[in-house]
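Structure first, commentary second.
Order of the sequence lines sets the chain letters (A, B, ...), proteins ahead of strands, with each chain counted from 1. When reading the values below, keep in mind they use all heavy atoms of this one structure, side chains included, and skip hydrogens, waters and symmetry mates.
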Amino acid sequence: MKKLLNAPSDIVVESLRGLGLAHPELRVDLNHRIVYRSDAPVPGKVALISGGGSGHEPLHGGFVGPGMLDAAVAGEVFTSPVPDQIVEATKNVDSGAGVVHIVKNYTGDVMNFEMAAEIAAAETGVEVVAVVTDDDVAVQDSLYTAGRRGVGVTVLAEKIAGAAADAGRDLNGVADIVRKVNENGRSMGVALTSCTVPAAGKPTFDLPGTDMEIGIGIHGEPGRRRVPLAPAKEIAEMLVEPILADLDFTGGDGVIAFVNGLGASPLLELYLMYGEVAAVLEKAGVRVARSLVGPYITSLDMAGCSLTLLKVDDELVRLWDAPVRTPGLRWGV
Amino acid sequence: MKKLLNAPSDIVVESLRGLGLAHPELRVDLNHRIVYRSDAPVPGKVALISGGGSGHEPLHGGFVGPGMLDAAVAGEVFTSPVPDQIVEATKNVDSGAGVVHIVKNYTGDVMNFEMAAEIAAAETGVEVVAVVTDDDVAVQDSLYTAGRRGVGVTVLAEKIAGAAADAGRDLNGVADIVRKVNENGRSMGVALTSCTVPAAGKPTFDLPGTDMEIGIGIHGEPGRRRVPLAPAKEIAEMLVEPILADLDFTGGDGVIAFVNGLGASPLLELYLMYGEVAAVLEKAGVRVARSLVGPYITSLDMAGCSLTLLKVDDELVRLWDAPVRTPGLRWGV
Amino acid sequence: MSEIVDVSTLKSWLIRFAGDVEEHAAELTELDSAIGDADHGSNLARGMKAVITALVDDEAPDSIGPILKQSGMTLVSTVGGASGPLYGTLFLRMAASAGDCDALGPQSLAQAFRAGLDGVAARGKATAGEKTLLDALIPAVDTLESALAEGTPFDDAIRAAADAAEAGRDATIPMLATKGRASYLGERSVGHQDPGATSLALLFRAAANTMIDGEDGK
Amino acid sequence: MSEIVDVSTLKSWLIRFAGDVEEHAAELTELDSAIGDADHGSNLARGMKAVITALVDDEAPDSIGPILKQSGMTLVSTVGGASGPLYGTLFLRMAASAGDCDALGPQSLAQAFRAGLDGVAARGKATAGEKTLLDALIPAVDTLESALAEGTPFDDAIRAAADAAEAGRDATIPMLATKGRASYLGERSVGHQDPGATSLALLFRAAANTMIDGEDGK
Ligand SMILES: Nc1ncnc2c1ncn2[C@@H]1O[C@H](COP(=O)(O)OP(=O)(O)O)[C@@H](O)[C@H]1O
Ligand SMILES: Nc1ncnc2c1ncn2[C@@H]1O[C@H](COP(=O)(O)OP(=O)(O)O)[C@@H](O)[C@H]1O
Ligand SMILES: [Mg+2]
Ligand SMILES: [Mg+2]
Ligand SMILES: [Mg+2]
Ligand SMILES: [Mg+2]
């Protein structure tokens, strides 16, 4: 394992310390591993919290700031945070308007956020609405799975819901926007290499030099199937096709097309992939309204990428375009 | 080699195509492999061009836009662009106020930009001033080397000179700012793994699992020395120490501290490194005025990072803080 | 034989389990690499270390229910992931069932385990056969209860429960996962042993090893 | 023997060199991996491919100087890096020296090489012994000149030049690089063969092989 770290067990808190030092506009509680925008709670505004296992940076700590999250709660690497942390963050961001929890659909995340919401309601009286994202079409949403994983749509939901909260929507209004984004978004990923969990010290899975894993998640969980490494053109088709098969993305105001790097794939390759994806979408009659290309929801040092398509209407485009000022996403301010 | 690409020989132009599609505010000339801000030439403004081999993204194409570069010229992977490209870009961005070329100090880059400046002056009459960046303290600037390599300072110079050009400085004034940044900036890098040049198809060098390469450049050129993998704390010292030994960074208005990812090292680790660097700087009495953390001048899929320190005064801080709107760096607009 | 688990035995059990988890952490993580995200060993080791730290604190409670409760709360607030709430709930429900007493007899212990099992099933919305830690927990609790009901001596009953947990653990190998992270693999989950069931079997073996006088390891 | 390089021979030389570079591209890149950035083979292969494409174009010039000029310009505008301007300058200066003629005699060829060498040295600000392509180019040109001055027949002279280029190439192995990318390595550059000197030796061997009647490869 070749990583820039001291002890593997300290990687999360030491990384948060660096984040706090590099971004004076954030307040980092190292004890609870919470990243706050420093002016939280913002009077009158519905607050937005997300969180999850670490190792997906900039998600979630890098998305804290005006126009996006009020706080992010960091778990250990690939391990959801614990209820105490979530309760602490919830209390500290609530201005009285209530708090929306954006939770990626993993058993651990869902249970820990559920327990936190129960405690927050019982002990502090803060109104919490949790919305679960589950956009990964690689997983069948059926009786035989824990449901689809929450992946790329989470980034878009955090941005768009942040804008809705800024615009003054109430608790249910903001939660509804998260649901709307989740319902209209789908993702699919591919890994060229495994990631290495620092505490494990070696790659989570073996991926021979000539293979790639289609339908990968963001935790090094194996994907749908292993196939021979293919040219970018074909990979683009393998990503787009199952997404389009799951939801009709044609017509309307088009889509936000989001090509996400999983960690180790450089921007040179991500833009190339975006070009290929754009070509496949054009052929399929899907209009791209906005795009996002870069490593935004990563899986440590995994090479590969994911594609997220979000079907947008005028409202979603407007909220997407609204100002945002976080370490990871910034425009309009 | 596991990369998202089609044919290795097409990677640069296909990546530029994706960049152009993803960023309608840029104009990409695929034929000449030039990225322009779409409103170039900007009347009355001194224009800024940079360029070099590809594989360092977002440098340089991702730094084109208001407040930074007017155009970026992309060579093959790790190969400087050719004079024709540079001449073409120079002609197209000149508003009559002249053009500054920011050139990283590599034999190839310097020669190609020199030839281009000669041709541009002779054939088009455009006034060009070229400034070479050479901030890498891993290389001795002596009779026995090609001089120090241009690395991290280039990013800071492009940002700061872009702001100076926006502020209305004339050709020599903008060139002077680039020189000032270069003279006050120093860098040092470390690689944990080699990169793989697409056309070569395998890692440029072998780095056994227990070693790292100190004093690495951004092209997979071997560094100063190979040492056993060390904890982040010690790596931070190995990066800071030779920089401080080369130039006095204490006093004054402090420094811009820039922890740069070389490609495959995730943000989790880069922020951790920033925390360690900040601690070493504090002990050394160096005040951090501003910081930048992320992969901004990369070396394909190399794992590792570099540190750049830029000694700033009030003027440089003001220019650093000025609005910038590019795919790779964006604030204040 | 009516006061089988006193405070000292309870503490020994927790300490031994913590030690076993530490010892098998790499193996648990390895199992989790195959069908999950490579963290079960470090998750549980972190949690049990915290449980033991809390246990030896001067302010630590000194009766059965409160010790179990503190342990459950510690697990919930240090483990995270799926196993944190699940292991935490197991201990919290056992605590509620046991109450603030100085020792548990066989029946009360079995009742506490049953309450814990019910809590875990409710929290995780899973049932038998889904390739989770329930597949070790259910046979262990069932076996303990029925052995005691048949009049089996406690030593034999708890040993049988540990055996049942291990058999349940092994039985997860051919199972198709339909809950938790392993369910994402579909058919590819078959042929791998569930990490949570593996740690759960360690919990029961540690119970047998500490609750049976003179028993030492298997 | 006074008209040694006519247009057809010049073209054959360029085509053979292009083929040799293509064939040795991986080897050149491998050498560049050790002390550079792993691109010399692909750089020069790309450039020579473009040279040949331009050469066979209907509009292509059909006399010595213009062909050399077109080739030099093509190299400058397709190779990039250090070798693009250097190889480009070599051909451009040779073109200027040769002028618009139908063939070159031995003396004119040697003069053209000397002009090219001077141009390369000026462009790269390097001298002998710095572990660059000059370390193959200088002995090759010196040898060609002195052999001709001594009255050596052209065949032998150009073969000697190719031999000298290869000896010069080999002599770069123990050298310490003080120019170009390899200079960053300091002492660590010692023990590696310079990629540019290696391709330069291919250029002279290709010259010998095409300019000597019936010569075929070494
Ligand atoms: N819904 C569930 N019910 C019961 N046990 C579950 C459930 N989901 C997961 N588990 C158990 O949790 C174990 C994984 O724990 P761990 O790796 O610590 O958490 P995570 O899956 O969040 O990384 C699995 O091996 C399985 O036994
Ligand atoms: N200043 C110089 N003078 C002469 N030759 C040089 C000089 N610098 C580099 N070279 C030659 O260029 C070769 C490298 O070419 P190439 O790899 O194509 O370019 P780059 O170094 O830009 O990647 C070196 O092996 C060396 O022979
Ligand atoms: Mg986990
Ligand atoms: Mg090069
Ligand atoms: Mg796990
Ligand atoms: Mg090279």
- Hey, is K202(B) close enough to E30(D) for a salt bridge, meaning N to O under 4.0 Å? yes
- Message: Any non-hydrogen side-chain atom of D39(D) less than 4.5 Å from a side-chain atom of H219(B)?
- Response: no
- Is atom NZ of K11(D) surrounded by more than 12 heavy atoms (other residues, nucleotides or ligands) closer than 6.0 Å? yes
- Note on the structure: So, the part of S83(D) with a heavy atom under 4.5 Å from chain B: the answer is neither
- Distance in Å, S183(D) OG paired with Y144(B) OH, rounded so as to fall on 0.5 Å steps: 13.0 Å
- Most contacts with chain B, counted as non-hydrogen pairs under 4.5 angstrom, among S189(D), G124(D), G180(D): G180(D)
- Note on the structure: The interface call for A26(D) against chain B, heavy-atom contacts under 4.5 Å, is neither
- Task: First locate atom CZ of R123(D), then atom CE of M115(B), and finally report the distance between them rounded to the nearest 0.5 Å.
- Result: 4.5 Å
- Query: Given a strict heavy-atom distance threshold of 4.5 Å, which part of R188(D) is in contact with chain B: side chain, backbone, both, or neither?
  - Reply: side chain
- Note: vs chain D, highest number of non-hydrogen pairs under 4.5 angstrom among R225(B), E221(B), Q85(B) is E221(B)
- Under a 4.5 Å heavy-atom cut-off, does chain B meet the side chain of S77(D), its backbone, both or neither? both
- Message: Can you tell me which of G53(B), A138(B), G223(B) forms the most heavy-atom pairs within a distance under 4.5 Å of chain D?
- Response: G223(B)
- Does G220(B) offer a backbone N or O that forms a donor-acceptor pair with the side chain of D37(D) under 3.5 Å? no
- Query: Heavy-atom distance under 4.5 Å to chain D: side chain of D141(B), backbone, both or neither?
  - Reply: neither
- Message: Surrounding NZ of K69(D) (heavy atoms of other residues, nucleotides or ligands, distance under 6.0 Å), is the total greater than 12?
- Response: no
- Between chain D and each of D84(B), N112(B), V139(B), count heavy-atom pairs under 4.5 Å; write down the option with the most. N112(B)
- Message: Check this for me: M73(D), atom CE, are more than 12 non-hydrogen atoms of other residues, nucleotides or ligands nearer than 6.0 Å?
- Response: no
- chain D shares the most heavy-atom pairs under 4.5 Å, among T204(B), V110(B), T107(B), with T204(B)
- Task: Please look at A25(D) and chain B and tell me whether the side chain, the backbone, both or neither of the residue comes under 4.5 angstrom of a heavy atom of that chain.
- Result: neither
- Query: Taking G81(D), G80(D), A38(D), A182(D) one by one, which has the highest count of heavy-atom pairs under 4.5 Å against chain B?
  - Reply: G81(D)
- Query: Between atom CE of M111(B) and atom CG of L86(D), what is the distance when rounded to the nearest 0.5 Å?
  - Reply: 3.5 Å
- Query: Does atom CG of D206(B) have more than 12 heavy-atom neighbours, drawn from other residues, nucleotides or ligands, at distances under 6.0 Å?
  - Reply: no
